[in-house]
There are 4 protein chains.
Amino acid sequence: MPEPIPRGRPRSEQSRRATLEATRELLHSVGYDRLTIEGIASAAGVSRQTVYRWWRAKSAIVAEAVLDGVIILPGAAAAGGSIAGILNAMGASLGSPENAGLVRALAAAAADDPAASEALYERMTGPTHAALARSIADGVARGALRPDIDPEVAADALIGAVLYRVLTRQDSPPGYGDDLAATVLGATPGTA
Amino acid sequence: MPEPIPRGRPRSEQSRRATLEATRELLHSVGYDRLTIEGIASAAGVSRQTVYRWWRAKSAIVAEAVLDGVIILPGAAAAGGSIAGILNAMGASLGSPENAGLVRALAAAAADDPAASEALYERMTGPTHAALARSIADGVARGALRPDIDPEVAADALIGAVLYRVLTRQDSPPGYGDDLAATVLGATPGTA
Amino acid sequence: MPEPIPRGRPRSEQSRRATLEATRELLHSVGYDRLTIEGIASAAGVSRQTVYRWWRAKSAIVAEAVLDGVIILPGAAAAGGSIAGILNAMGASLGSPENAGLVRALAAAAADDPAASEALYERMTGPTHAALARSIADGVARGALRPDIDPEVAADALIGAVLYRVLTRQDSPPGYGDDLAATVLGATPGTA
Amino acid sequence: MPEPIPRGRPRSEQSRRATLEATRELLHSVGYDRLTIEGIASAAGVSRQTVYRWWRAKSAIVAEAVLDGVIILPGAAAAGGSIAGILNAMGASLGSPENAGLVRALAAAAADDPAASEALYERMTGPTHAALARSIADGVARGALRPDIDPEVAADALIGAVLYRVLTRQDSPPGYGDDLAATVLGATPGTA
DNA sequence: AGCTAAACGAGACGGTACGTCGGGTCTTGGC
DNA sequence: GCCAAGACCCGACGTACCGTCTCGTTTAGCT
């Protein structure tokens with residue numbers, strides 16, 4: 001049994017949560033570049049040492065916050081829905097300035113650290129990507145979508161388009177999700 | 001005449017270039033997060049004060065380096081080519097690890113500062129986007145592409161797909177540009 | 001009976017000794033300033049908490065180590081001998097660099113904390129001082145020493161001279177004890 | 001000329017003085033052990049970095065404060081006076097609790113760092129020692145003092161006696177200087 | 001040629017955050 | 001109730017950069 005007997009004072013789950021939530025809060029308000037471990041600790045009411053005990057860098061805290069579901073972005077949550085449903089959920093929520101800022105912060109975290117990048121992929125874009133690809137593959141199989149569509153690549157394009165607009169700070173108009181689906185898949189929302 | 005008569009010692013163009021080039025170099029080697037003004041100045045053989053005299057923040061230096069063409073990414077350069085040509089140029093060059101790193105650094109800069117974001121858009125993705133949209137619109141007008149394609153949105157999707165793969169650190173296989181064009185536009189490279 | 005019945009696990013004498021001996025060791029090797037409770041505990045193979053349970057500060061540990069005889073300096077031990085004998089024993093042993101370092105460490109401890117100071121006085125310099133004063137008083141009474149000598153003050157001067165040379169890091173030459181006795185008491189070693 | 005041309009912003013003499021004076025103040029109030037660079041900087045109204053730029057350790061600051069005359073102890077100042085005059089000046093001033101505390105702090109600094117030790121010797125005890133030795137040698141030569149007195153050793157004994165009483169926290173009674181001179185030199189104050 | 005004015009290098013300054021060390025306190029489980 | 005283990009908050013350490021501020025020096029255009 002490789003399970004080590006726990007010794008000493010157990011780790012405070014409350015401190016862990018407070019740290020992750022403070023990180024989310026600060027990511028919202030100041031972005032990734034101005035996010036500091038000092039600031040996280042003080043906002044969480046936790047000592048700096050405790051933060052350093054459990055995380056090696058600010059990107060690692062962001063990664064865990066994402067993996068833990070403390071930071072949630074819509075899209076993945078709508079994984080069970082239709083293609084246009086997912087896209088509209090993404091577009092709508094990312095349209096709000098605060099969520100757009102959070103996405104940019106997460107992109108910066110991903111750019112900074114491969115581990116954070118992987119965490120983000122695993123928890124946020126990955127599931128959405130998979131859901132989209134599955135729906136598209138299904139549509140292709142049913143003959144409802146063009147046969148020359150590669151579902152994986154199409155999912156890249158759908159997610160990428162939204163990401164591109166957020167990073168370049170272009171608002172996505174209300175019906176953007178529908179337009180995107182129509183353009184990429186050659187499908188009106190209702191048909192897919 | 002709002003043009004002020006230049007007095008005193010003129011600004012050193014050499015210092016300006018050295019600063020921008022050192023910035024490009026460091027963006028390559030350490031990324032945006034670990035880029036420091038101190039480091040730029042010392043790598044450029046320029047005093048810190050001179051950097052601060054001309055730029056307000058590191059993101060501003062990055063922005064000017066981009067606007068000035070000191071930092072160049074392929075894609076925009078291939079603006080005159082065919083759709084698949086542009087995509088393959090982007091995909092190929094971004095496939096190389098060093099360029100991918102540079103793209104991630106620029107994405108972080110864009111996430112950090114709206115001004116840098118705008119500069120990047122104006123000089124890097126914007127022209128590519130416009131070229132793609134023009135070519136696509138042309139194809140649609142000629143009847144070579146599906147009529148339900150919105151050229152602007154399609155260009156978002158094409159660029160976004162590549163960006164998405166770079167940010168999530170997924171290598172794009174050799175023929176990815178072709179696949180992408182086929183999937184989004186329903187066109188084989190040769191026909192567009 | 002004010003003697004409380006001891007309950008629970010008795011205090012570990014081994015931990016106590018190990019702590020005091022580790023303290024002596026570290027006082028030797030790093031001095032008082034760089035002496036840490038953390039270091040003592042780990043060198044003694046004892047938990048930090050156990051140290052804190054029994055001592056309030058590092059100076060208290062030093063004090064107890066002295067009182068307990070774990071730290072011994074010559075001089076007091078030679079209390080039964082002649083004046084010159086005591087002085088030469090002090091001079092000789094303090095002449096060795098390691099003992100001189102220890103004396104400086106103890107002086108720093110004494111400077112830091114009145115309680116440590118008192119412990120040192122009680123166990124180390126006090127007995128030596130008393131022995132010297134007694135011998136001197138005896139010599140004065142016997143007419144072997146000048147009558148205008150105040151034995152207490154003379155003892156201050158003898159001990160102080162050695163201490164002064166150690167603190168200012170001046171080596172005491174071999175015959176320094178004799179010179180000192182001759183100068184202060186007007187006596188050649190043999191006559192006292 | 002090995003004189004380097006001064007470049008850049010000149011060092012602030014005010015910051016230097018403020019640092020040294022804050023050090024003296026804190027040495028008085030908290031002693032050497034609880035003296036911190038953080039505390040010095042904040043008491044001096046100077047940034048921590050500025051302190052670190054000029055001094056490598058707290059003992060170095062103490063040393064410079066002594067060498068610079070920011071910390072002054074009587075004795076050396078009375079170097080021109082008679083033997084009993086010097087001793088009484090030392091005794092009287094060291095008798096005051098605050099000065100005694102300062103002496104203990106300086107002793108701890110000397111114990112901590114050879115460089116500080118040397119500075120203290122050069123500026124504080126050294127001159128007093130030399131003055132005493134000179135006066136004593138003079139007395140011996142004039143026949144006013146016993147011929148078997150070694151002036152250097154006698155000076156050790158006189159200074160050492162005072163130092164010993166301060167370190168062991170024994171108050172020196174008013175006439176202690178006279179007693180000391182009489183005991184060590186066999187001389188009443190008036191005769192020397 | 002001398003004067004004026006701005007850019008330049010050097011480098012000190014007050015700061016903020018870094019990542020680490022140690023100090024004391026506390027909370028577990030085992031003895 | 002002692003003890004090892006180890007987490008906790010706190011404060012200081014010494015370092016790296018930040019952005020600002022003098023300095024003396026350099027390099028132009030204008031008298």
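Scope of the values below: all heavy atoms of this structure, side chains included, with no hydrogens, waters or symmetry mates. Proteins get letters first, then strands, A, B, ... in listed order; numbering begins at 1 in each. It should be emphasised that the depicted structure is a prediction, and the values quoted were computed from it without experimental measurement.
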Q: Would the base of E:dT16 count as contacting D:Arg48 through its side chain, where contact means a donor and an acceptor less than 3.5 Å apart?
A: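 Under the 3.5 Å cut-off, the side chain and the base do not form any donor-acceptor pair.
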Q: Taking everything shown except C:Glu118 itself, do over 12 heavy atoms lie less than 6.0 Å from its CD?
A: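 12 or below, so no.
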Q: Quick check: are there more than 12 heavy atoms from other residues, nucleotides or ligands sitting under 6.0 Å from CZ of B:Arg11?
A: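 Yes, CZ of B:Arg11 has more than 12 neighbouring heavy atoms, counting only those of other groups under 6.0 Å.
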Q: Record whether the side chain of A:Arg7 comes under 3.5 Å of the base of E:dG30 through a donor-acceptor pair of N or O atoms.
A: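 In this structure, the two groups form no donor-acceptor pair.
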Q: Using the closest heavy atom to pick a nucleotide of DNA chain F for each, name whichever of B:Arg56 or D:Ala57 lands nearer the 5' end.
A: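 On the 5' side of the pair lies D:Ala57.
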Q: In terms of side-chain heavy atoms of D:Gln49, which of F:dC17, F:dT20, F:dC3 is nearest?
A: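 Nearest listed nucleotide: F:dC17.
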Q: Counting C-beta onward and ignoring hydrogens, is there a side-chain heavy-atom pair between C:Arg24 and C:Leu20 closer than 4.5 Å?
A: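 Counting from C-beta outward, C:Arg24 and C:Leu20 never come under 4.5 Å.
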Q: In whole Å, what is the span from the CD atom of A:Gln14 to the C1' atom of E:dC26?
A: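 The answer, rounded to whole Å, is 15 Å.
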Q: Can you check whether D:Thr50 has a side-chain N or O nearer than 4.0 Å to OP1 or OP2 of E:dG14?
A: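 So the side-chain polar atoms of D:Thr50 do come within 4.0 Å of the phosphate oxygens OP1 or OP2 of E:dG14, strictly under.
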Q: Is it the case that more than 12 heavy atoms not belonging to A:Glu25 sit under 6.0 Å from its CD atom?
A: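 Check passes, neighbour count above 12.
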Q: Does a side-chain N-to-carboxylate-O contact under 4.0 Å join D:Glu64 and D:Arg16?
A: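 So D:Glu64 pairs with D:Arg16 through a salt bridge.
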Q: Could you tell me the separation between the CD1 atom of D:Ile5 and the C1' atom of E:dG11, rounded to a whole number of Å?
A: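 Distance, rounded to whole Å: 15 Å.
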Q: Quiz question: by atom type and distance under 3.5 Å, do the side chains of D:Asp112 and D:Tyr32 form a donor-acceptor pair?
A: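 Yes - a donor-acceptor pair under 3.5 Å links their side chains.
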Q: Nearest of F:dC8, E:dG9, E:dA12 to any side-chain atom of A:Arg11?
A: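 Nearest to the side chain of A:Arg11 among the choices is F:dC8.
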Q: Rounding to a whole Å, what distance do you find between B:Ile61:CD1 and F:dC18:C1'?
A: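 That distance rounds to 13 Å.
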Q: Between A:Gly8 and B:Arg9, which residue's closest nucleotide on DNA chain F lies nearer the 5′ terminus?
A: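 It is A:Gly8, whose closest nucleotide lies nearer the 5' terminus.
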Q: Atom CH2 of B:Trp54 to atom C1' of E:dC8: distance rounded to whole Å?
A: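 My rounded result for the distance is 11 Å.
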Q: Any cation-pi pair here, D:Arg17 with D:Trp54, using under 6.0 Å and within 45°?
A: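 Judged by the rule (NZ or CZ under 6.0 Å from the ring centre, within 45° of its axis), D:Arg17 is not positioned above D:Trp54.
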Q: Can you check whether A:Arg53 has a side-chain N or O nearer than 4.0 Å to OP1 or OP2 of F:dC8?
A: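 Answer yes for this pair, as a side-chain N or O of A:Arg53 is under 4.0 Å from OP1 or OP2.
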Q: Does anything in residues 28-40 of chain D come within less than 4.0 Å of DNA chain E? Heavy atoms only, and list the residues if so.
A: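 Contacts with DNA chain E under 4.0 Å: none.
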Q: Taking the minimum atom-to-atom distance to the side chain of C:Ser15, which one of F:dC2, E:dC8, F:dA4 wins?
A: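 Closest nucleotide among those given: F:dA4.
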Q: Could you give the OH-to-P distance, from D:Tyr52 to F:dA12, as a whole number of Å?
A: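 From D:Tyr52 OH to F:dA12 P: 11 Å.
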